[in-house]
Amino acid sequence: QWTCYVWNLLLTAELHPQSGLVPQDLYRKVFVFRNDPNDAHVVVKPEPEQSLQNFTVCLRSFTDLTRPYGLFSYATKAQDNEILLFKPKPGEYKLYVGGEFVTFRVPEIRMDWEHVCASWESTTGIAEFWVNGKPLPRKGLRKDYSISAEAVIVLGQDQDSFGGGFDLYNSFTGEMADVYMWVYGLSPGKMRAAYQSLQLPPCLLGWRNLQYELKGDVVVKPRLRETLII
Ligand SMILES: *[C@@H]1O[C@H](CO)[C@@H](O)[C@H](O)[C@H]1NC(C)=O
Ligand SMILES: [Ca+2]
């Protein structure tokens, strides 16, 4: 069966045997960003790099921050906010595509792991935002835009230049897990599957086979709980 996990394994073995970063299976693990504020981040490598007309990004995070922070930052040389998942304050997310953004207001929940999936399609500009397996009202931006392939993807910071330009007071502190990216919009069923940590279709970035580099004060630790589903 073509799952995200198997797909990554095959790509890594067949297409990128010499790749510098060794893909890791982060099953039941998390990234812990320990300090506030900090310049810690994780650089992740997509397999393979390609320009995008559609995408879905999902991840889970756990924090007690109330100030703004960047979660997922995909920057190109021309546009630092090519794709950006940013939380300006509790109860709100901003999704940037090609330098523009839409705001999604999310229900205030008790402090716990929060799972989000953001998707966007160029043909309509429609952006979906799912929180803990449930969709918010859809919004739209950047119709007919195309996302460039040559990018640096950083977790835990907002890049303001290609691979850097971090505002330390927009850094993430806390725990992050289950980071995925697809080159298409996931179906509602797969959005829910991502929330539930079920089997997922072939992906560009996958938690079970992630090429990553830790930069600064961030560590990989086992999960404290079996399941991170609220
Ligand atoms: C992007 O998604 C749209 C709508 O689902 C689809 O028609 C189009 O073929 C997709 N483009 C690519 C390059 O996958
Ligand atoms: Ca930025």
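Note that the structure is predicted; figures quoted are calculated from it, not measured. First listed ligand is number 1; within each ligand, the first listed atom is number 1.
Contacts classified as ring-ring contact (aromatic ring centres under 6.0 Å, His included) and involving residues 95-117 (residues at least two apart or in different chains) are given here: Phe62-Trp113, Tyr96-Phe101, Phe104-Phe129, His115-Tyr195. Pairs engaging residues 138-167 under the ring-ring contact (aromatic ring centres under 6.0 Å, His included) rule: His41-Phe166 [sequence neighbours left out].
A salt bridge does not link Lys94 to Asp158: none of the charged side-chain nitrogens sits closer than 4.0 Å to a carboxylate oxygen.
For atom 9 (O) of ligand 1, no protein heavy-atom neighbour is found at a distance under 4.0 Å.
Protein heavy atom closest to atom 2 (O) of ligand 1, with residue, atom name and distance, is Asn54 ND2, 2.7 Å. Here the protein heavy atom with the shortest distance to atom 13 (C) of ligand 1 is Gln53 OE1, 3.6 Å. Atom 4 (C) of ligand 1 has as its closest protein heavy atom Glu121 OE1, 3.4 Å.
Any protein N/O/S atom under 3.0 Å from the Ca ion (ligand 2) was counted, giving 5 altogether.
With Asn35 as the fixed residue, the side chain to side chain contact (heavy atoms under 4.5 Å, CB included) test singles out one of Asp217, Thr173, Val218, Leu168: Asp217.
Under the 4.5 Å side-chain contact rule for hydrophobic residues, Leu210 and Val43 do not share a cluster. Residue Tyr212 is grouped with residue Leu200 when hydrophobic side chains (ILVMFWY) are merged at heavy-atom distances under 4.5 angstrom, including chains of intermediate members.
Here Glu175 pairs with nothing under the side-chain hydrogen bond (donor to acceptor under 3.5 Å, both in side chains) rule; sequence neighbours left out.
Classified by interplanar angle (parallel below 30°, tilted 30° to 60°, perpendicular above 60°), the ring pair Tyr180/Trp182 is parallel.
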